[in-house]
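Following: one structure in structure tokens, then a few remarks.
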Amino acid sequence: MRIFRPFSTVGAIPLASALLIAGCGGGSDPTPTQPGQPELPRLSAAVGAPLQGTCDALLSFSFPNTAISSVTTAVAGSLKVAGKDIGAHCVVTGKMNERVSPVDGQTYAVSFQMRLPLDWNGRYLYQGNGGTDGSVSSATGAVGSGGPLTNALYRGFAVISSDAGHSSSQNPLFGMDPEARIDYGYGAVKKLTPMAKALIKAAYGKEPDRSYVGGSSNGGRHAMVTAARLPQDYDGVLANSPGFNLPKAAAAQLYTAQQFRKVATDENDLATGFTVAERQIVAKKILERCDGLDGVTDGLVQDVEACQTAFNIFDHVPTCSGARDGTCLTVAQKSAIDLMYAGPVNSRGERLYATQPYDPGLAGSGWASWKFSSSVGASRDPVAVGIIFQVPPDPTIVSNTRAFAFNYNFDMDYPKLFQTNATYTESSWSFMTPPNPTKLDALRDRGGKMIVVQGVSDGVFSIDDTKRWYDELDTENKGKAADFARFFRVPGMNHSSGGISTDQYDALDALVKWVEKGIAPDQIVATARGEGNAGGANREVPADWAVDRTRPLCPYPLIARYNGTGDSERAENFTCKK
């Protein structure tokens, strides 16, 4: 029997109170609301400024515990996005808080890169990076979407990027050092933020008028953690595919590995437990049951909730009567897959993470990579759980991450994610997740805004978990969370991008307009990346889609429904509604 996965509902009770507090770095204007409702502030728009002096002058910048390594000038066109020239800018590299660990003897520092446009728009972006960090990604401000057509640097933002406090050569064993763990969780953002704003002031003669934080995956987690920990420092928060409950999600990946091991013909290749052909047949059956629920048959499932009732893997996917041939699933396969979608449990049957919704995006290569490779590999989930997150860490698992995943005990090992000891005084649940994630009053009351975007077929972070968070945020805000935070689902999209989806969208522009102009995002238009797309083609876009198909991404709980007339390849012929 299929495990039932309930969906919560959203209340609609007026917001009781909201303080009228102006945001930092600029004035604010009240945003009109409905009669009888309290007003939230609207933050004023950023005002640009040119660089004062030369890039080289920034070599003399001084800030506590900070060493500037180099300053160069990048000429216009030295970087491009979607074939377009990014303007001239200063490139500043350096490091903060260099130290020698008393635990493992390694030298650690928070290394960073900051790019400062010669023609600045008055805005600053903290760029959160992904995975276990360890590398200073180029500070261009690419903070989500497949094949981005623009980025923050192109728009004139000052952007900072960091390695989150450890180098790539220290991955994943930086988890042996307590402070490096905390830097990875939230310490690096906390340390870099005041330094970055001081560097901006040195460059332009003023601090940023508006500050944003954004990223995808672990970078999306950084954004949500920052919203909770540093609400006075950032005006806009953009969290794409956020791993905000990353310790639990990583452990859930080990549970996934255990389920697919049961049915794999080769346990060294978990994809043999659920092959490409078998995933495609399941995707086809999901579409047969769910595609038309939004008013048009178009290869996408917009009505996520209705699909969980309409589709049942046990009833609607053929059961093999003989050998597996790609057109059916065995009973054992169906059970393993459904257990994976239901999420990990311990021996007492207690739910330890979250469910995931059935969606045809499971046919995507990104979904498969997370489920079959990252769940047992040496760069993602096993090492994160066993070395970075648990107390005490176990560095020996690096030599056999597959065995660690297969033998992970959800009674004995899972509680280590929440433990502390004399050396590791802060648990991973404390340093990795947003404290009080639904208590965002400080961000809300000063006019800050948050946008969260995630693919329905995210292969690692459950969109049901994100939906649960938003439902609880809405309850906390008495049905008015949408006044300052909105959550957008991307049907078919895998983790951060890809899948059978319209995965190219510009949430940063929507966020800036909301923060600075009071234009709430009632939808975000997303595009399929077919052949010829300037940001790069998504090879998984079906051949029968228009190469530039568009769809509205709708703020949850609304979904995109076809209006009944007009070209179904165009977003304007869909409406966001229940």
Side-chain angles (χ1 to χ4, degrees), residues 7 9-10 144-147 240-241 283 286-311 356-364 451-458 463-464 466-467 470-471 474 481-482 485-494 496-507 509-511 513-514 519-530 538 540-542 544-578:
F7 288 86
T9 58
V10 179
S145 145
N240 274 283
S241 305
I286 294 172
L287 287 169
E288 286 178 1
R289 301 290 302 179
C290 304
D291 191 353
L293 296 174
D294 52 30
V296 65
T297 301
D298 60 355
L300 288 170
V301 174
Q302 302 283 354
D303 199 338
V304 180
E305 282 75 21
C307 187
Q308 308 319 301
T309 301
F311 173 77
Q356 298 175 60
Y358 280 97
D359 177 85
L362 63 83
I451 289 177
V452 179
V453 187
Q454 188 173 7
V456 177
S457 274
D458 191 320
I463 198 166
D464 283 352
T466 310
K467 183 170 75 72
Y470 190 83
D471 285 341
D474 198 53
R486 298 196 179 187
F487 166 41
F488 297 83
R489 297 181 290 188
V490 189
M493 190 172 84
N494 291 171
S496 296
S497 63
I500 302 160
S501 64
T502 55
D503 72 337
Q504 188 178 63
Y505 51 88
D506 190 347
D509 181 62
L511 181 61
K513 288 177 178 175
W514 196 10
I519 302 173
D522 293 328
Q523 65 174 30
I524 297 174
V525 175
T527 305
R529 293 182 290 125
N538 172 11
E540 294 178 320
V541 170
D544 60 351
W545 289 17
V547 295
D548 60 348
R549 167 184 283 191
T550 55
R551 285 289 182 276
L553 306 182
C554 298
Y556 169 80
L558 305 182
I559 63 172
R561 296 191 184 278
Y562 181 54
N563 294 337
T565 59
D567 185 357
S568 63
E569 294 293 329
R570 313 320 305 166
E572 57 265 29
N573 296 313
F574 289 75
T575 301
C576 292
K577 55 187 177 181
K578 291 184 178 180

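Only this structure's heavy atoms are used, side chains among them; waters, hydrogens and symmetry mates stay out.
In this structure a side-chain-to-backbone donor-acceptor pair under 3.5 Å is missing from Asn573 to Ser568. A donor-acceptor pair under 3.5 Å links the side-chain atoms of Gln504 to the main chain of Gly147, judged by distance alone. At distances below 3.5 Å, at least one donor-acceptor pair connects side-chain atoms of Gln308 with backbone N or O atoms of Tyr358. With hydrogens and angles disregarded, a donor-acceptor distance shorter than 3.5 Å links the side chain of Glu540 to the backbone of Gly499. A distance-only check finds a donor-acceptor pair linking the side chain of Asp291 to the backbone of Asp298 [under 3.5 Å]. Without hydrogens or angle criteria, Ser497 side chain to Gly146 main chain gives no donor-acceptor distance under 3.5 Å. Judged purely by atom type and a 3.5 angstrom limit, Arg486 uses its side chain to pair as donor or acceptor with the backbone of Pro521.
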For this session: Take Val296 and Phe574 through the test side-chain contact (heavy atoms from CB on, under 4.5 Å) and record every step on the way to the result.
Result: CA-CA 10 Å; Val296 65; Phe574 289 75; 3.8 Å; yes
For this session: Please step through side-chain contact (heavy atoms from CB on, under 4.5 Å) for the pair Arg570 and Asp548, ending with a clear verdict.
Result: CA-CA 9 Å; Arg570 313 320 305 166; Asp548 60 348; 3.4 Å; yes
Problem set entry | side chain to side chain donor-acceptor pair (under 3.5 Å) between Asn563 and Thr575, worked out | CA-CA 7 Å; Asn563 294 337; Thr575 301; 2.6 Å; yes
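Rounding to the nearest 0.5 Å places OH of Tyr562 at 9.5 Å from CZ of Arg551. Rounding to the nearest 0.5 Å places CG of Asp474 at 12.0 Å from NZ of Lys467. In this structure, CE on Met493 lies 4.5 Å from OG on Ser241, to the nearest 0.5 angstrom. The distance from the CG atom of Asp522 to the CH2 atom of Trp514 is 9.5 Å, given to the nearest 0.5 Å. Between atom CZ of residue Arg549 and atom OG1 of residue Thr527 there is a gap of 11.5 Å, rounded to the nearest 0.5 Å. Between Leu293 atom CG and Ile559 atom CD1 the span is 8.0 Å, to the nearest 0.5 Å.
For the pair Asp458 and Ile463, the minimum side-chain heavy-atom distance is 4.5 Å or more. In this structure the side chain of Arg289 never reaches within 4.5 angstrom of the side chain of Cys307, judged on heavy atoms. Pro555 is not listed as a side-chain neighbour of Phe487, based on a closest heavy-atom distance of 4.5 Å or more.
When all heavy atoms of Ala528 and Ala546 are compared, the pair lying nearest together is CB-O, 4.5 Å. Taking both residues in full, the closest heavy atoms of Val304 and Pro357 are given as CG1-CB, 3.9 Å, listed atom of the first, atom of the second, then distance. Listed here is the closest heavy atom pair of Ile286 and Val301: CG2-CG2, 4.3 Å. Nearest heavy-atom pair, Asp303 versus Arg561, reported as atom, atom and distance to 0.1 Å: OD2-NH2, 3.0 Å. Residues Pro360 and Ile500 come closest through the heavy atom pair O-CD1, 4.0 Å. Residues Val525 and Ala571 share a closest heavy-atom pair of CG1-CB, 4.1 Å.
Under 4.0 Å is where a charged nitrogen must lie from a carboxylate oxygen, and between Asp294 and Lys577 no such pair does.
Between Tyr470 and Tyr556, the ring planes are perpendicular. Angles over 60° get that label, and only those under 30° would be called parallel.
With sequence neighbours excluded, the residues forming a side-chain contact (heavy atoms from CB on, under 4.5 Å) with Ala507 are Leu238, Ile451, Val453, Tyr505, Ile524, listed by chain and number.
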